[in-house]
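Below is one structure, written out as structure tokens, with a few remarks after it.
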Amino acid sequence: MDMILEIKDASFGYSQKTVLRNISFNVGAGELLCLLGPNGVGKTTLFKSILGFIAIKGGEITLDGQNIKKWSKSRLAKAVGYVPQAHTTPFPYTVLDVVLMGRIAHLGPFSSPSRDDVKIAEESLERLGVSFLKDMTYTEISGGERQMALIARALTQKPQILILDEPTSNLDYGNQVRVLLQIKKLSEEGIGVIMTSHFPNHAFLCSSKVVLLNKNGFKIGKADDIITETNMRDTYGINVRITRLADNHGAEIKSCVPLAN
């Protein structure tokens, strides 16, 4: 049975401060949902709550219809993979060692990775087309390559839901597109994906659903319906134009273009 992550009328925040109220959406197998919204609106807070790092202030979060409050950290880690915004280890691990860390949730307290664990890590790198990185030193590869390694690490958990916090931050234009296309491919292979981005065009490129967060609440729907000139102005305080182009096969491509004046 494919797992569904559902946020039900949930509120999120820290101590006495609530930053998101009454949020509801769900993500299932093969869906890619993009969270859009300005800095400070609570996207990372929402992620931390899904991952069990902080408690929600109301409502519930369920996986397979079960409230995650009842799940152990190990069980949750086996179901939900996480890729942070940025990660730099102070130790010169090989890329394979970093990716292999994704098997921790499947190991006992005093267990070492088995040959099967190593095989799963290698398969994750191969799945993303970056097997050539396996024996390289993680601290010496490029930002785009590190991001691929972190996605591979999350895949070694064998998750059904993958959460990515600004997966293209600090990447050049080419690496942004390469990472996004790999993320889209993973959703097409059946993984449910939630990612945040500061770029509406990323949602046009690869998402099946969009949640737009702002100070007035949230909107959810298809990218074409949510990323509009009015919604972008209300959310970010700038004027944009939604343009339409045709690709090499004649299919329509949308783009969100900011206006300088």
Side-chain angles (χ1 to χ4, degrees), residues 32 34-35 43-44 47-48 50-53 73-74 76-199 202 205-206:
L32 197 160
C34 184
L35 285 173
K43 299 185 295 295
T44 299
F47 278 1
K48 288 180 178 179
I50 294 174
L51 295 164
F53 298 153
K73 292 288 192 280
S74 176
L76 190 59
K78 292 174 183 176
V80 182
Y82 175 58
V83 180
Q85 286 185 30
H87 173 267
T88 302
T89 173
F91 304 105
Y93 294 116
T94 67
V95 169
L96 181 60
D97 287 336
V98 171
V99 174
L100 195 54
M101 292 175 188
R103 296 301 296 166
I104 290 174
H106 297 266
L107 302 178
F110 303 104
S111 301
S112 297
S114 67
R115 290 184 179 179
D116 285 341
D117 293 317
V118 173
K119 183 180 179 182
I120 290 170
E122 290 175 337
E123 288 173 347
S124 296
L125 287 166
E126 185 176 352
R127 187 174 182 181
L128 295 173
V130 290
S131 294
F132 64 92
L133 296 175
K134 181 175 72 170
D135 297 318
M136 294 185 182
T137 303
Y138 179 79
T139 53
E140 296 176 359
I141 60 178
S142 72
E145 290 169 338
R146 281 199 299 272
Q147 200 65 18
M148 288 294 195
L150 291 179
I151 296 173
R153 182 181 67 176
L155 291 179
T156 66
Q157 295 173 225
K158 293 291 185 179
Q160 291 181 270
I161 303 293
L162 185 62
I163 292 177
L164 305 104
D165 195 358
E166 295 185 36
T168 62
S169 63
N170 301 316
L171 298 185
D172 65 48
Y173 184 67
N175 278 320
Q176 285 185 31
V177 175
R178 292 184 190 98
V179 168
L180 288 170
L181 291 178
Q182 288 292 348
I183 293 169
K184 182 179 180 182
K185 181 181 176 183
L186 292 173
S187 72
E188 291 170 347
E189 292 174 356
I191 294 178
V193 177
I194 308 175
M195 72 174 202
T196 59
S197 177
H198 285 300
F199 301 100
H202 290 177
L205 178 64
C206 64

* To do: Look only at the side chain of T196 and the backbone of E166, and say whether a donor-acceptor pair between them is shorter than 3.5 Å.
  => yes
* Asked: Considering only heavy atoms from C-beta outward, does the side chain of L186 approach that of L155 to under 4.5 Å?
  -> yes
* **Those residues that, when tested against D117, pass salt bridge (Lys or Arg N to Asp or Glu O under 4.0 Å) (two or more places apart)** => R103
* Asked: What pair of heavy atoms forms the shortest contact from V99 to A149, and how long is it?
  -> CG2-O, 3.6 Å
* Would you say the side-chain atoms of Q182 pair up with the backbone N or O of L128, donor to acceptor, closer than 3.5 Å? -> yes
* **Test side-chain contact (heavy atoms from CB on, under 4.5 Å) applied to Q176 - qualifying residues, sequence neighbours left out** => T168, L171, H202
* Asked: Does the side chain of I183 reach to within under 4.5 Å of the side chain of P167, using non-hydrogen atoms?
  -> yes
* Identify, with sequence neighbours excluded, every residue that meets side-chain hydrogen bond (donor to acceptor under 3.5 Å, both in side chains) alongside S74. => none
* Asked: Looking at CG of N175 and CG of L180, how far apart are the two atoms once the value is rounded to the nearest 0.5 Å?
  -> 10.5 Å
* **For R178, all residues meeting salt bridge (Lys or Arg N to Asp or Glu O under 4.0 Å), sequence neighbours excluded** => none
* Structure fact -> Rounding to 0.5 Å, atoms CZ (R146) and CE (M136) come to a distance of 13.5 Å
* **Heavy-atom closest pair, residues T139 and P92** => OG1-CA, 4.2 Å
* Can you tell me which residue pairs pass the salt bridge (charged side-chain N to carboxylate O under 4.0 Å, His left out) test with a partner in residues 91-102, sequence neighbours excluded? => none
* Going from CG on L125 to CG on L100, what distance comes out if it is rounded to the nearest 0.5 angstrom? -> 10.0 Å
* What distance do S114 atom OG and H106 atom NE2 have between them, rounded to the nearest 0.5 Å? -> 11.0 Å
* **Rounded distance [0.5 Å steps], CG in L133 versus CD1 in I141** => 5.0 Å
* Asked: What salt bridge (charged side-chain N to carboxylate O under 4.0 Å, His left out) pairs are there with at least one residue in residues 118-140, not counting sequence neighbours?
  -> E122-K134, R127-E189
* I would like to know whether V179 and I151 meet side chain to side chain contact (heavy atoms under 4.5 Å, CB included); could you show each step before the answer? => CA-CA 9 Å; V179 168; I151 296 173; 4.1 Å; yes
* To do: Could you go through the side chain to side chain contact (heavy atoms under 4.5 Å, CB included) check for V83 and Q147 one step at a time?
  => CA-CA 8 Å; V83 180; Q147 200 65 18; 3.6 Å; yes
* Which atoms form the tightest heavy-atom contact between Q85 and T44, and what is the distance? -> NE2-OG1, 4.0 Å
* Count the heavy atoms of every other residue, nucleotide or ligand shown that sit under 6.0 Å from CZ of F91, and state whether that count exceeds 12. => no
* Asked: Near K78 NZ, under 6.0 Å, is it more than 12 heavy atoms from other residues, nucleotides or ligands?
  -> yes
* **By side-chain contact (heavy atoms from CB on, under 4.5 Å) - contacts of P159 (at least two apart)** => Q157
* Quick one: CZ on F53 to CG on L76, what's the gap to the nearest 0.5 Å? -> 8.5 Å
* Structure fact -> In short, Y82 meets L162 closest at the heavy-atom pair N-CD1, 4.4 Å
* Student check: side-chain heavy atoms of V193 and K184 closer than 4.5 Å -> no
* What residues form a side-chain hydrogen bond (donor to acceptor under 3.5 Å, both in side chains) with T156, not counting sequence neighbours? -> none
* Applying side-chain hydrogen bond (donor to acceptor under 3.5 Å, both in side chains), name anything that partners S187, two or more places apart in sequence or on another chain. => none
